[in-house]
Amino acid sequence: MTGAAIAVLVVSAALLLGTGYLLGRRTARSLRPSDVGTPVEHATFETLHTASLAAPPLRAGLTEESARRAARRLRSLLGTDALCLTDRDRVLVWDGAGHHHGKDVMEHLKALLDNGRRTAFDSGCADLDCPLRWAVAVPLTVDNRVLGALVAYAPRESAVLARAAGEVARWVCVQLELAELDRSRTQLIEAEIKALRAQISPHFIFNSLAAIASFVRTDPEQARELLLEFADFTRYSFRRHGEFTTLADELHSIDQYLALVRARFGERLAVTLQVAPEVLPVALPFLCLQPLVENAVKHGLEGAVTCSRITISALDAGSEAEVVIEDDGTGMDPERLRQILRGEGGASTGVGLLNVDERLRQVYGDDYGLVIETGVGAGMKITLRLPKYRAGVHGS
């Protein structure tokens, strides 16, 4: 092959490589995610994306901080010159042009805050350079309560903006309703924990202190240890932070509780504890096991002439931890148990069982309620499963 032929081949190869490179770059550019789909599809994506960014702040409720963080996204959704969010008393945030209108907004909203009906009004601005000449205001309502308003400003009257503002305000109301539900759920959980704390029998406290007192002269060191156990148990049971705890902390509290019970009943109570170390970090609702153990102690000691046996196990079950609490006590009629778990047991009967069952189902779903095996004179076996990981469930 001559040198001229070789040169032609080299030039041809270079041209092919260059053409391929340019085509590749063009193809790569044409497949960028932002260029995929029709203009309508792209606009839909942008709208949904903007709405998704505005949602998290609003899930905290209608506050100055949440309004500030959401306002720019909401104004982008409406494509308007200015937008403000208010509560019933004041402007929470102003986003866009014409901040001087903020001082007059609440005057325009008096009727809306009273009757919950949207309104539109001329801005009445004397500044010739101000683009804000017209506004539409939509109430923000939750459970038929007017919490505030969304106000959108524009250079001229616009039926399209009025409809759009109504839809955006409705979406904001949905986020605020979810925030209310979150608050209600938290308050419900707090109320349930208070009910459990109230169930920690005053008799148990008095009897524990009496048992401790009985050792003061005969065994001062034992009395000191029991007093420390009692202090730690009550401190844990009445703590005020976090709705979740770890299996390790819950089992430690149970061990302190049982130490106080054994101080009173001595050899009448035998406890076997079996725990797999790998499940100790698993998170679960606060005060979830203690009521079950207290129930086992109560029913185990009832009618026990010699010794009552209680077995507590927390074992690894793959993606879950399985906790079993079993006693050999008096047991219960299964129909009576079903009544208790339906909330028909009365104001003071089975509060602990019902409370724990409801909270487990609320946190993990209906598949994770208590499984209880019992019969009259046959003792009771309570099994609960705890996912090792569940979003939003973290021990504190």
>> Restricting to side chain to side chain donor-acceptor pair (under 3.5 Å), what partner residues turn up for Glu64, sequence neighbours left out?
In response: Arg90
> Rounded to the nearest 0.5 Å, how far apart are CG of Leu85 and CG of Leu140?
Replying inline: 6.5 Å
> So which pairs with a foot in residues 52-75 pass ring-ring contact (aromatic ring centres under 6.0 Å, His included), sequence neighbours left out?
Replying inline: none
> By side chain to side chain donor-acceptor pair (under 3.5 Å), which residues pair with His100, not counting sequence neighbours?
Replying inline: none
> SG of Cys125 to NE2 of His101: how many Å apart, nearest 0.5 Å?
Replying inline: 3.5 Å
>> Could you see if Leu280 belongs to whatever hydrophobic cluster contains Leu273? Use Ile, Leu, Val, Met, Phe, Trp, Tyr and a side-chain cutoff under 4.5 Å.
In response: yes
What pairs of donor and acceptor atoms, side-chain ones from residues 68-83 against any protein atom, are under 3.5 angstrom apart with sequence neighbours left out?
unit_1	atom_1	unit_2	atom_2	d
Arg68	NE	Glu65	OE1	3.4
Arg68	NH2	Glu65	OE1	3.3
Arg68	NH2	Glu65	OE2	2.7
Arg75	NE	Asp95	OD2	2.5
Arg75	NH1	Thr80	O	3.2
Arg75	NH1	Asp81	O	3.3
Arg75	NH2	Asp95	OD2	3.4
Thr80	OG1	Tyr153	O	2.2

>> For Cys288, run the side chain to side chain contact (heavy atoms under 4.5 Å, CB included) check against Val323, Asn355, Val356 and tell me which one passes.
In response: Val356
> Looking only at heavy atoms, what is the nearest atom pair of Ala154 and Leu161, with distance?
Replying inline: CB-CD2, 3.6 Å
> What side-chain hydrogen bond (donor to acceptor under 3.5 Å, both in side chains) pairs are there with at least one residue in residues 133-144, not counting sequence neighbours?
Replying inline: none
> Would you say Thr374's side chain and Gly379's backbone share a donor-acceptor pair under 3.5 angstrom?
Replying inline: yes
> Under a 4.5 Å side-chain heavy-atom rule over Ile, Leu, Val, Met, Phe, Trp and Tyr, are Val271 and Val293 clustered together?
Replying inline: yes
> Ile382 and Val371: side-chain contact (heavy atoms from CB on, under 4.5 Å), yes or no, with the steps?
Replying inline: CA-CA 6 Å; Ile382 302 176; Val371 176; over 6 Å; no
> Is a donor on one side and an acceptor on the other found under 3.5 Å between the side chain of Asp122 and the backbone of Gly124?
Replying inline: no
>> With heavy-atom distances below 4.5 Å as the criterion, would you say the side chains of Leu109 and Met106 are in contact?
In response: yes
>> How long is the straight-line distance from CD of Glu229 back to CD of Gln222, given to the nearest 0.5 Å?
In response: 9.0 Å
> After noting the C-alpha distance and the side-chain angles of Leu92 and Leu62, does the key distance pass the side-chain contact (heavy atoms from CB on, under 4.5 Å) rule?
Replying inline: CA-CA 9 Å; Leu92 297 175; Leu62 188 60; 3.7 Å; yes
> For the atom pair CZ (Phe244) and CZ (Arg359), what is the distance rounded to the nearest 0.5 Å?
Replying inline: 9.0 Å
> If two hydrophobic side chains count as joined below 4.5 Å and joins carry through other members, does Val151 share a cluster with Val142?
Replying inline: no
>> Quick check: do Leu289 and Leu284 have side-chain heavy atoms less than 4.5 Å from each other?
In response: yes
> What salt bridge (charged side-chain N to carboxylate O under 4.0 Å, His left out) pairs are there with at least one residue in residues 213-225, not counting sequence neighbours?
Replying inline: Glu221-Arg224
>> Nearest 0.5 Å, please: how far is CG in Asp249 from OG1 in Thr246?
In response: 3.5 Å
>> Any side-chain to backbone donor/acceptor pair from Ser253 onto Glu250? Under 3.5 Å, distance only.
In response: no
> Taking only residues two or more places apart in sequence, or in another chain, which ones meet Asp357 in a side-chain contact (heavy atoms from CB on, under 4.5 Å)?
Replying inline: Leu341, Arg361, Leu370
Cut-off 3.5 Å, no hydrogens considered: what does the side-chain donor-acceptor table look like for residues 162-171, sequence neighbours left out?
none

>> For a side-chain contact (heavy atoms from CB on, under 4.5 Å) check, start with the C-alpha distance between Met380 and Ile372, then their side-chain angles and the critical distance, and finish with the verdict.
In response: CA-CA 7 Å; Met380 183 176 289; Ile372 305 177; 3.8 Å; yes
> Which heavy atom in Ser123 sits nearest to a heavy atom in Leu132, and how many Å separate them?
Replying inline: OG-O, 2.7 Å
> What's the verdict on side-chain contact (heavy atoms from CB on, under 4.5 Å) for Tyr364 and Leu386, showing C-alpha distance, side-chain angles and the deciding distance?
Replying inline: CA-CA 8 Å; Tyr364 301 118; Leu386 303 168; 3.9 Å; yes
> What residue pairs, at least two apart or across chains, pass salt bridge (charged side-chain N to carboxylate O under 4.0 Å, His left out) with a residue in residues 379-393?
Replying inline: Asp316-Lys388, Glu320-Arg385
>> Tell me whether the rings of His99 and Trp94 are parallel (<30°), tilted (30 to 60°) or perpendicular (>60°).
In response: tilted
>> With no hydrogens and no angle check, just 3.5 Å: does a side-chain donor-acceptor pair link His299 and Asn295?
In response: yes
> Is a side-chain donor or acceptor of Glu322 paired with a backbone partner of Ala317 at a separation under 3.5 angstrom?
Replying inline: no
>> If you count every heavy atom of other residues, nucleotides or ligands that lies below 6.0 Å from Arg117 atom CZ, does the total exceed 12?
In response: no
> Under the salt bridge (Lys or Arg N to Asp or Glu O under 4.0 Å) test, which residues partner Arg338, sequence neighbours left out?
Replying inline: Glu335
>> Just so I know, are the side chains of Val297 and Asp327 near enough to count as touching, which here means a heavy-atom distance under 4.5 Å?
In response: no
>> On a heavy-atom basis, which atom in Gln290 and which in Phe233 lie closest, and how many Å separate them?
In response: NE2-CZ, 3.8 Å
> How far apart are the closest heavy atoms of Pro285 and Thr245, and which atoms are they?
Replying inline: O-CG2, 4.3 Å
> In terms of hydrophobic clustering (I, L, V, M, F, W, Y; side-chain heavy atoms under 4.5 Å; direct or indirect links), are Leu247 and Tyr368 co-clustered?
Replying inline: yes
>> Determine whether a donor-acceptor pair (N or O, by modelled atom type, separation under 3.5 Å) exists between the side chain of Ser66 and the backbone of Ala60.
In response: no
> Do Ile312 and Gln274 come close enough that some side-chain heavy atom pair is under 4.5 Å?
Replying inline: no
> By side chain to side chain donor-acceptor pair (under 3.5 Å), which residues pair with Thr311, not counting sequence neighbours?
Replying inline: none
> For Asp114 and Arg88, which heavy atoms make the closest approach, and how far apart are they?
Replying inline: OD1-NH2, 4.3 Å
>> Testing the basics here: between Val146 and Gly116, what is the closest heavy-atom pair and its distance to 0.1 Å?
In response: CG2-CA, 3.8 Å
> Is there side-chain contact between Arg118 and Pro139, with at least one heavy-atom pair below 4.5 Å?
Replying inline: yes
> Mind checking what makes side chain to side chain donor-acceptor pair (under 3.5 Å) contact with Lys103, not counting sequence neighbours?
Replying inline: none
>> Would you say Leu112 ends up clustered with Leu147 if hydrophobic residues are merged whenever their side chains have heavy atoms under 4.5 Å apart, either directly or through other cluster members?
In response: no
> Rounded to the nearest 0.5 Å, how far does CG of Leu384 lie from CG of Leu292?
Replying inline: 6.5 Å
